[in-house]
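The structure under discussion appears below in the form of structure tokens.
Just the heavy atoms: all of them, side chains too, but no hydrogens, waters or symmetry mates, feed the values below. The first residue in the sequence is number 1, and the count goes up from there.
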Amino acid sequence: MCGRTACTLAPDEVSRACSYRSRGGQRRQPRWRDGDADKYRPSYNKSPQSTSPVLLSQRHFDKDAPVDECVLASMRWGLVPAWFKEDDPRKMQYSTSNCRSENILEKKSYKSPLNKGQRCVILADGFYEWRREEKSKQPFFIYFPQTPSGSSQEKTEDQDDLATSAQSKETSERACSAEGGAFDSTEEGEAPCEWTGWRLLTMAGLFDCWTPPGGGEALYTYSVITVNASPNLQSIHDRMPAVLDGEEEVRRWLDFGEVKSPDALKLLQTKNSLTFHPVSSLVNNSRNNSAECLQPVDPGCKKPTASSKRMMSWLTSSAPTKRKESDCCESEQQQQKGKSKTPLKSTGALQLWLQGANKKPKTN
């Protein structure tokens, strides 16, 4: 299952992190659907019923849009079928936050959106999962390994190489920022520079659009598709999100015109491409929304380790060139205020990349 995620990038960063190549080979930056960037609230601890960034084909909103054009939208987690007759989506009596890949064609709630091509990609820094222990549950944060190329490849073991790659990422990101960081295509069909920050987890999902019976604003909602857990995650849980690993898989999942449902379903495979680390039990309560939810801990003592404290120092730092924590990472009901701290050196792929805090711009 997947019942909690984190997505801490600012709206403009999400857009940059989701750049893709068109059929003509040009790198494009997906734009936010009108007004949706303001609906999205970055968070360290997102639960069902919260709003998350979702990538989908622009053709769902504009029938004349190019077939390969993508758009970002804010959607509520927990699919509400278009045929739901109640006047309040909260009256749904069953959970639709997850959809088992094996049952998609058996459940009316999912079969209809699938047949309509309403496929989407849910974006997150990673997701949380809990491992049952004798008297408690140990939470873990699960995400794509972060490599120099930004792709999900085997993790580098040499910490010196990791440090070098992290420094390179920071340098490249600052260069992008200095040039405006835009992804609009140049005359040569290439963007000025590619996103070298945190690689977002891309999870396959289905969405639907529900309109209140009495009229009113349409509500877009989604469900995360799950598959059997990969070998390295089976000790934590027996299920995991259906991960789309790489631009080509994302493209094929979203291209409902060229890739029909039977072929799209073949993409929903168990993939051994994620890594993880244990985190604090603070994440157990969805009202806790701070950087401490993400930092690694020693599961033996349940307290932050020295290296994870360095990560916390980065996550709560507030440089003039980056967004403040209170601006970009807030719960659905209240904002969290960050405290300025001096970033420290760290080890480990996650901490090393996160150390490059000055990359982050302000939110609008």
Side-chain angles (χ1 to χ4, degrees), residues 2-3 5 7 11 14-15 18 30-43 46-67 69-101 103-124 203-226 241-242 253-257 259-261 264-265 286 330-333:
C2 176
T5 66
C7 193
V14 173
S15 181
C18 292
R31 301 184 183 278
W32 284 87
R33 184 168 173 257
D34 290 346
D36 276 20
D38 296 330
K39 296 177 183 178
Y40 160 60
R41 292 291 183 271
S43 172
K46 282 185 174 293
S47 60
Q49 309 307 316
S50 64
T51 301
S52 297
V54 171
L55 189 68
L56 68 163
S57 172
Q58 173 66 20
R59 279 205 173 180
H60 290 296
F61 305 112
D62 179 3
K63 300 300 182 182
D64 297 324
V67 68
E69 184 175 346
C70 293
V71 65
L72 283 165
S74 291
M75 294 190 186
R76 202 184 77 167
W77 188 359
L79 188 143
V80 179
W83 46 261
F84 186 64
K85 301 301 183 183
E86 298 289 348
D87 59 357
D88 187 340
R90 292 174 295 183
K91 293 181 180 180
M92 285 190 61
Q93 298 181 355
Y94 55 96
S95 173
T96 55
S97 57
N98 287 175
C99 166
R100 295 175 68 93
S101 61
N103 299 338
I104 287 180
L105 297 177
E106 301 173 7
K107 304 289 186 179
K108 181 182 177 182
S109 298
Y110 309 124
K111 182 178 180 179
S112 179
L114 179 67
N115 289 339
K116 294 177 182 177
Q118 292 172 185
R119 308 193 298 253
C120 63
V121 175
I122 298 96
L123 305 166
M203 300 174 284
L206 296 173
F207 75 92
D208 212 341
C209 178
W210 174 82
T211 303
E217 183 179 359
L219 175 66
Y220 284 87
T221 58
Y222 71 87
S223 179
V224 177
I225 300 174
T226 66
W253 179 252
L254 296 182
D255 193 344
F256 64 96
V259 184
K260 302 303 179 183
S261 295
L265 291 177
S286 60
E330 60 184 2
S331 65
E332 298 301 315
Q333 298 180 350

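Residues Val54 and Met75 meet the side-chain proximity criterion, which asks for heavy atoms closer than 4.5 Å. When side chains are defined from C-beta on, Asp208 does not count as touching Val80, because their heavy atoms never get closer than 4.5 Å. Between Leu72 and Leu123 the shortest side-chain heavy-atom distance falls below 4.5 Å. Side-chain atoms of Arg76 and Tyr220, non-hydrogen and from C-beta on, never get closer than 4.5 Å to each other. At a threshold of 4.5 Å between non-hydrogen side-chain atoms, the residues Leu56 and Val121 do not count as touching.
No side-chain donor-acceptor contact under 3.5 Å links Tyr222 and Ser97.
No donor-acceptor distance shorter than 3.5 angstrom exists from the side chain of Arg119 to the backbone of Gly205, with no hydrogens or angles considered.
Figure legend: Lys108 and Trp83 shown as a cation-pi pair, the cationic atom lying under 6.0 angstrom from the six-membered ring centre and within 45 degrees of its axis.
Using a cut-off of 4.0 Å between Lys/Arg side-chain N and Asp/Glu carboxylate O, Asp88 and Lys91 are scored as not salt-bridged. Salt-bridge formation is not detected for the pair Glu69/Arg33: no Lys NZ or Arg NE/NH1/NH2 atom is positioned less than 4.0 Å from an Asp or Glu carboxylate oxygen.
In summary, the aromatic rings of Trp32 and Tyr40 are positioned with their centroids under 6.0 Å apart.
Nearest heavy-atom pair across Pro212 and Glu217 is CD-O, 3.5 Å. The nearest pair of heavy atoms linking Pro213 to Glu86 is CD-O, 3.4 Å. Taking every heavy atom of both residues into account, Leu79 and Leu206 meet most closely at CD1-O, 3.6 Å. The two residues Ala124 and Thr5 make their nearest non-hydrogen contact at CB-CB, 4.1 Å.
Leu219 CG to Trp210 CH2: the interatomic distance, rounded to the nearest 0.5 Å, is 6.5 Å.
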